[in-house]
Amino acid sequence: MPSFRALPPSLLGAARTRPVPDVKRIHVPVARAMVDCAVYVDGSRLPGKFTHAAALDRVREIRADGQSAFVWIGLHEPDEHQMQSVAEVFGLHPLAVEDAVHAHQRPKLERYDNTLFLVLKTVNYVPHESVALAREIVETGEIMVFVGPEFVVTVRHGEHSGLAGVRRRLEEQPEQLALGPYAVMHAIADHVVDSYLDVTRLMECDIDAIEEDTFSPTAKTNVEQIYLLKREVVELRRAVSPLSVELGRLHSDNKDLLSKEVLRYMRDVIDHQTHAADQIASYDEMLSSLVQAALARVGMQQNTDMRKISAWVAIAAVPTMIAGIYGMNFEHMPELHETWGYPAVLLLMVAVCGFLYRNFRRNHWL
C-alpha cells in the first residue's frame, strides 16, 4: 500500500488561508426592466427609441432652446443595479431608490428638493364564481412615481398595474401632456384611484350575497366566508385609506411645483379617493356587523340543537330508568310474578315518553 506524507505546516497554513476567488455578479442591463422610454415635447412624443441617459440629454437640449420637454421612463420590478443606474442619471435620492427596489411600502408622498416621490398601492379584483370557492378576492401591487422638472420615472411592482393604457390616453391628449411631468403624475394617480372605485363596486356584489345568505332563514351560515371578505376589505382599506392624507399633502404643500391647472385636476382625484375610502370603511363596518350577526345565528342554532338533544335525552331517560329498576333482580318485586306486569311496564314507558314528547313539541323543543 502506498504511503502518504503529511504536508509541512507552512504549506498546510497556506492552503487553509488561500483566498477564494470572487465571483463577479452579472448585472442585468436597465433595458430588461424598462417597459417604455419616451421624450415629450410640447405634449407630443418624439419618434425613435432612447436609452434613459440619451433621453434626458435630449430633453435638456430641447429645454435649452426654450421649449417644454420631459422624459417618461417606465420600469417593471427593477433590481438594485438597474435602479441605481437610473438614479445616477436622474439624480434620485438613495432613500427613495431603496424603497422603489424593495417595494412593500405604504402609500406616501416625500419631497427631495424639487423631486416628488409618490407611492401608490394598486388593487385588482380577482374574478371568482363565489366567495365560498375563492382563495383571494383582492390582489395588490405598487407604483412608485418620481417626478422632477425634466422627468417622470415610474416603477411598477405586480402584474396587474400596467400603465400602457395611461400613456396611450395621454398621448391622445397632447394638451394634457403639455402641462408637464406633474400632469403625468396626476394621470397615474387618477388611474389608480379609479381602479379603487371599480374594485369597491365589484366587492359590493360579494358583500350583498353574503348579507343575503346570513339573514336567509333557509341558508346555512358560513362564518369563514365573512372572515375572508373581512380580510380582503381590511387589505383594501390599508391600500386605499392612507392615500387620502398623502394626496391632500400633495395638493396643499407643493403648490410651488404644481401648476394651477394640475392642482384643479388633483382636486377631482382627491374627491374620488375620499369616496372610495368612505365606501371601503362602510364595507368594513358592514362586515363587522355581519360577523356579529353570523355568530349570534350560530349561537342560536347551537342552543336549538342543545334543546333538541336535551329533549331526546329526557325522553330516553324514562325507559332507561324503568328498565334499570326492574333489571336489579330483587327477590321481592310483586310485578315480576304477575301476568300483567310486563305489558303494564311497557305501556307505562310508552305513556310517559309520549307525554314528554307532546310537551316538548308544544314548547318548540322538538
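Because only heavy atoms are used, hydrogens play no part in the values below, and waters and symmetry mates are left out as well, while side chains stay in.
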Ignoring hydrogens and geometry, is there a side-chain-to-backbone donor-acceptor pair from Thr200 to Leu197 under 3.5 Å? yes

How close do Val138 and Leu236 get, heavy atom to heavy atom, and via which atoms? CG1-CD1, 4.3 Å

Glu142 side chain to His104 backbone, donor-acceptor under 3.5 Å: yes

Please determine whether the number of non-hydrogen atoms from other residues, nucleotides or ligands lying under 6.0 Å from atom CD of Glu224 exceeds 12. no

Pair Glu110-Lys108, salt bridge (charged side-chain N to carboxylate O under 4.0 Å, His left out): steps then yes or no: CA-CA 7 Å; Glu110 295 177 348; Lys108 65 179 180 178; 3.3 Å; yes

Can you see which heavy atom on Met34 is nearest to which on Cys37, and at what distance? SD-CB, 3.4 Å

Should Phe151 and Val153 be marked as a side chain to side chain contact (heavy atoms under 4.5 Å, CB included) after you check the CA-CA gap, both sets of side-chain angles, and the distance that decides it? CA-CA 7 Å; Phe151 62 85; Val153 178; 3.9 Å; yes

Would you check if Pro78 and Val86 make a side-chain contact, meaning some heavy-atom pair closer than 4.5 Å? no

Residue pair Val101 / His157: nearest heavy atoms and the distance that separates them: O-CE1, 3.5 Å

Any chance CZ of Arg231 has more than 12 other-residue heavy atoms, nucleotides or ligands included, within less than 6.0 Å? yes

Are the side chains of Met185 and Val152 in touch, meaning some heavy atoms are under 4.5 Å apart? no

Atom CZ of Arg58 with >12 non-hydrogen neighbours under 6.0 angstrom: no

Heavy-atom check, side chain of Val123 versus side chain of Val192, under 4.5 Å: no

Within-4.5 Å side-chain heavy-atom neighbours: Ile188 and His191: no

Carefully, step by step, assess Leu247 and Leu109 under the rule side chain to side chain contact (heavy atoms under 4.5 Å, CB included). CA-CA 8 Å; Leu247 289 181; Leu109 174 69; over 6 Å; no

Nearest-0.5 Å distance, CG of residue Leu229 to CD of residue Glu211: 11.5 Å

Is a side-chain N or O of Thr122 found less than 3.5 angstrom from the main chain of Gly141, in a donor-acceptor match? yes

State, yes or no, whether a side-chain contact exists between Leu177 and Val184 at a heavy-atom distance under 4.5 Å. yes

Got His52 and Val71 here, is their nearest side-chain heavy-atom distance under 4.5 Å? no

Please check: side-chain N/O of Glu139 versus main-chain N/O of Asn124, any donor-acceptor pairing under 3.5 Å? no

Atom CG in Leu56, atom CZ in Arg63: separation rounded to 0.5 Å? 10.0 Å

All heavy atoms of Leu356 vs all of Val318, minimum pair found to be CD1-CG2, 3.5 Å

Pro181 versus Val147, closest heavy-atom pair with distance: CB-CG1, 3.8 Å

Flag, side chain of Glu172 to backbone of Arg169, donor-acceptor distance under 3.5 Å: no

Measuring from atom CG of Leu263 to atom CG of Asp268, what distance do you get when rounded to the nearest 0.5 angstrom? 13.0 Å

Would you call the rings of His186 and Tyr265 parallel, tilted or perpendicular if under 30° counts as parallel and over 60° as perpendicular? tilted

With a 3.5 Å distance limit and no angle check, can you tell me whether Thr115 reaches the backbone of Arg111 through a side-chain donor-acceptor pair? no

Atom pair CG/CD1 of Leu348 and Ile322 - distance to nearest 0.5 Å: 4.0 Å

Might you work through the salt bridge (charged side-chain N to carboxylate O under 4.0 Å, His left out) test for Arg249 and Glu246, ending with a clear yes or no? CA-CA 5 Å; Arg249 289 181 52 234; Glu246 305 305 324; 2.6 Å; yes

Kindly determine whether Arg106 and Asp99 satisfy salt bridge (charged side-chain N to carboxylate O under 4.0 Å, His left out), including the steps that lead there. CA-CA 10 Å; Arg106 288 173 59 87; Asp99 292 342; over 6 Å; no

Considering residues, nucleotides and ligands other than Asn303, do more than 12 of their heavy atoms fall under 6.0 Å from its CG? yes

Test item: His251 side-chain N/O and Arg264 main-chain N/O as donor-acceptor pair under 3.5 Å: no

When every non-hydrogen atom of Ser244 is compared with those of Gln273, the smallest separation belongs to OG-NE2, 3.1 Å

Close side-chain approach of Tyr40 and Leu46, heavy atoms under 4.5 Å: no

Determine which pairs satisfy ring pair (Phe, Tyr, Trp, His ring centres under 6.0 Å) with at least one residue from residues 110-134, sequence neighbours left out, and list them in order. His93-Tyr112, Phe117-Phe146, Tyr125-His128

Backbone of Arg238 reached by a side-chain donor or acceptor of Lys121 within 3.5 Å: no

Taking only residues two or more places apart in sequence, or in another chain, which ones meet Glu235 in a salt bridge (Lys or Arg N to Asp or Glu O under 4.0 Å)? none

Between CG on residue Asp42 and CZ on residue Phe70, distance to nearest 0.5 Å: 10.5 Å

When you compare the side chain of Glu80 with that of His102, does any pair of heavy atoms fall below 4.5 Å? yes

Any donor-acceptor pair under 3.5 Å from Gln82 side chain to Pro29 backbone: yes

Would you mind telling me which of Val193, Ile270, Val269 makes a side chain to side chain contact (heavy atoms under 4.5 Å, CB included) with Leu243? Val193

Gly248 backbone acceptor or donor facing Ser252 side chain under 3.5 Å: yes

Tell me whether the count of non-hydrogen atoms from other residues, nucleotides or ligands lying under 6.0 Å of CZ in Arg358 goes above 12. no

